[in-house]
Participant: 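Sharing a structure, written as structure tokens. Questions coming.
Here is the naming used below: chain letters follow the sequence lines, and residue numbers restart at 1 for every chain.
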Amino acid sequence: MKGKKPINYWKSEYIGRMLVTFCGFLIVFATLAIIVFICSKGIQSFTQSHISLKEMLFSKQWAPNDSAHPKYGAVIFIVGSTLVSIGAVLLSAPIAIALAVFINYIWPEFGTKVLKPVLELLIGIPSVVYGFLGVTLLVPMLRDSFGGVGFSLIAGIIVLSIMILPTIASIAADAIGAVPHAYLEASYGLGSTRWQAISRVIVPAARKGILTGVVLGLARAFGEALAVQMVIGNTVKLPSGLYSPTATLTGILTMDMSNTLNGTAWNNALWTLAMILLLISFFFILIVRAIGQRGGK
Amino acid sequence: MLKRNLKLAMGALLITGALAGCGNSDSTAKETGENKKEETAQSYSGTLTAAGSTALQPLAEEAANEFMQKYPDVSITVQGGGSGTGVNQVAAGAVQIGNSDVPSAEKIEDKTKAGELVDNKVAGIAFALVVNKDVKVESLTAQQIQDIFSGKVKNWKEVGGNDEKINVINRPASSGTRATFEKTLMKGVKVNDSIGTVQDSNGAVEQAIKSTPGAISYVAMSYLVGDKANALTTLKIDGAEPTVENIKAQKYPFWSYEYMVTKGEAQDAVKGFIDFVKSEEFAAKVKEMGYIPISELE
């Protein structure tokens with residue numbers, strides 16, 4: 001680089017710098033623009049279409065197609081999304097933590113050479129494929145074993161739990177791998193068995209990382225649309241049990257968004273649902289940050 | 001090297017963005033202006049886009065292909081997106097033709113905007129009630145259909161079938177197929193959304209009907225053509241099968257028009273294309289694809 005003309009120096013130094021700076025600002029701008037857009041659209045329900053916020057958040061009646069008395073209560077969708085996501089995390093997190101322990105302590109060679117690539121493969125499978133498998137295999141199986149139609153809350157939970165497993169497992173594996181070896185040796189020194197050391201020292205020490213993984217898994221579960229929509233049944237009612245169909249925020253959005261017109265109360269209400277979804281993911285990100293800061297070093 | 005690639009990528013992105021942003025309404029406006037002079041020669045040119053109803057999409061695509069073969073200077077792009085998208089886009093001027101299952105006025109709340117749009121009826125589409133093959137009922141009356149979908153009747157034995165629970169499968173509340181179902185068969189009786197399940201498309205309904213015992217739903221006849229012709233068991237309504245003859249004789253109520261919505265009266269290439277879809281020349285193809293030629297309905 002020495003002895004080159006200033007113009008070349010300018011080229012080799014500043015263009016790259018400008019480009020990456022531009023990219024950085026572009027992403028911040030794009031994210032803010034999306035948030036502003038969704039919120040401005042979401043608020044129109046209340047400002048233009050005069051739907052009451054109270055009705056939206058606390059009513060179970062959703063009938064925007066009823067031209068005489070349209071109803072816009074989103075409770076069913078919020079509850080549906082929450083139940084299916086939390087159910088998926090409850091099913092998935094213990095397995096993910098077990099996998100993380102297995103990868104780091106039980107059989108690291110197999111864990112890194114086989115299990116980790118398999119988990120990466122699971123991430124790569126498109127959600128429509130999960131949904132399709134759910135419809136062709138899981139739904140008939142549930143119907144034959146438990147009755148009903150098969151399209152149900154539990155079908156959504158099972159499909160989602162497989163989808164978020166790799167997210168939680170890989171973050172938990174990193175967290176457990178990062179626990180200093182001295183912890184293990186110290187608990188051996190105190191006379192613990194290997195399993196006692198893992199379950200009472202290592203996993204609790206990696207608590208922060210595992211929780212981060214769980215919350216990220218929960219956020220992913222909340223946002224997943226297609227696979228859940230294909231198996232959950234989309235019935236607009238609160239589920240009466242695990243084997244009963246219900247609907248989610250993302251499901252109602254994918255089904256109705258393209259068929260309603262800009263500016264109608266129905267469309268505005270859907271944008272408000274999108275805004276609620278966005279606020280819920282913000283909430284999860286705040287939790288992740290809070291976990292990261294608590295006792296962070 | 002990497003930097004250059006990056007630059008290229010950014011450049012490409014910007015250009016794509018610019019192109020997508022501009023759209024083609026401007027260029028079409030100019031070209032249609034030129035077309036006016038050539039109108040006497042009956043040749044069309046220009047670029048036009050149709051978007052909207054997925055029910056009308058296969059027919060519009062086929063018509064576009066044949067129309068482009070006839071008039072090589074015309075370029076037509078057909079997109080899906082749903083009836084709402086179609087009406088939205090044409091009202092905003094983003095596309096020249098908005099495909100819709102329902103008249104545009106039924107979708108638009110702002111009546112001042114609705115006045116600008118013209119609904120061109122281009123074809124008819126029949127729908128059929130379909131059931132799982134274990135259902136032993138062959139025909140339902142309109143009253144029985146209302147009872148089933150409003151949740152009053154819950155077992156097939158109540159409408160002359162075997163003792164089996166009825167599993168209702170609906171389309172989403174905003175779907176054009178569902179709108180036609182409610183208008184022509186439910187007639188003011190409300191579909192009970194808290195019973196049964198909801199599937200998003202004809203394909204998903206087919207899958208669910210096939211695998212769910214005692215299931216009943218409705219699909220477009222245009223879906224049940226070709227290798228899907230015998231995929232599902234269709235029901236008669238008041239004893240009438242979903243045929244063109246029965247629709248013409250007003251014996252079969254479950255059908256609707258398909259619309260190509262334009263902003264203002266259709267002109268030039270747009271008019272040429274819409275006329276082609278409605279023409280006698282294209283009618284055989286319309287029938288073959290499971291739609292009803294408009295010439296047989298008027």
Participant: Rounded to the nearest 0.5 Å, how far does CG of A:Leu261 lie from OG of B:Ser174?
Facilitator: 11.0 Å

Participant: Please state whether the side chain, the backbone, both or neither of B:Arg171 comes within less than 4.5 Å of a heavy atom of chain A.
Facilitator: neither

Participant: Name, in order of residue number, those residues of residues 132-145 of chain A that have a heavy atom at a distance of less than 4.5 Å from a heavy atom in chain B; otherwise write 'none'.
Facilitator: A:Phe132, A:Val135, A:Thr136, A:Arg143

Participant: Search all heavy atoms of A:Pro245 against all heavy atoms of B:Gly196 and return the closest pair with its distance.
Facilitator: CG-O, 4.2 Å

Participant: Let's go through B:Asp193 and A:Lys237 carefully: what are the C-alpha distance in whole Å and the side-chain angles of both, what is the deciding distance for side-chain contact (heavy atoms from CB on, under 4.5 Å) to 0.1 Å, and is it a yes or a no?
Facilitator: CA-CA 8 Å; B:Asp193 274 308; A:Lys237 69 167 175 105; over 6 Å; no

Participant: For B:Lys165, which atoms come within 4.5 Å of any heavy atom of chain A: side chain, backbone, both, or neither?
Facilitator: neither

Participant: Where on B:Ala204 is there a heavy atom nearer than 4.5 Å to chain A: the side chain, the backbone, both, or neither?
Facilitator: neither

Participant: Search all heavy atoms of B:Pro172 against all heavy atoms of A:Asp256 and return the closest pair with its distance.
Facilitator: CB-OD1, 3.4 Å

Participant: Counting heavy-atom pairs under 4.5 Å to chain A, which of B:Thr85, B:Val87, B:Asp200 comes out on top?
Facilitator: B:Asp200

Participant: Can you tell me which of A:Ile232, A:Asn234, A:Asn259, A:Asn65 forms the most heavy-atom pairs within a distance under 4.5 Å of chain B?
Facilitator: A:Asn259

Participant: Rounded to the nearest 0.5 Å, what separation is found between the NZ atom of A:Lys60 and the OG atom of B:Ser194?
Facilitator: 11.5 Å

Participant: Name the region of B:Ile195, side chain, backbone, both or neither, that has any atom closer than 4.5 Å to a heavy atom of chain A.
Facilitator: backbone

Participant: Supply the atom-to-atom distance B:Gln199 CD to A:Met255 CE, rounded to the nearest 0.5 angstrom.
Facilitator: 9.0 Å

Participant: Check ring-ring contact (aromatic ring centres under 6.0 Å, His included) between B:Phe254 and all other residues, then give those that pass, not counting sequence neighbours.
Facilitator: B:Phe127, B:Phe181

Participant: Show every ring pair (Phe, Tyr, Trp, His ring centres under 6.0 Å) that has at least one partner inside residues 136-155 of chain A, sequence neighbours left out.
Facilitator: A:Phe146-A:Tyr243

Participant: What side-chain hydrogen bond (donor to acceptor under 3.5 Å, both in side chains) pairs are there with at least one residue in residues 208-221 of chain B, not counting sequence neighbours?
Facilitator: B:Asn170-B:Tyr218, B:Glu206-B:Lys210

Participant: Closest approach of A:Ser258 and B:Gly81, non-hydrogen atoms and distance?
Facilitator: CB-O, 2.8 Å

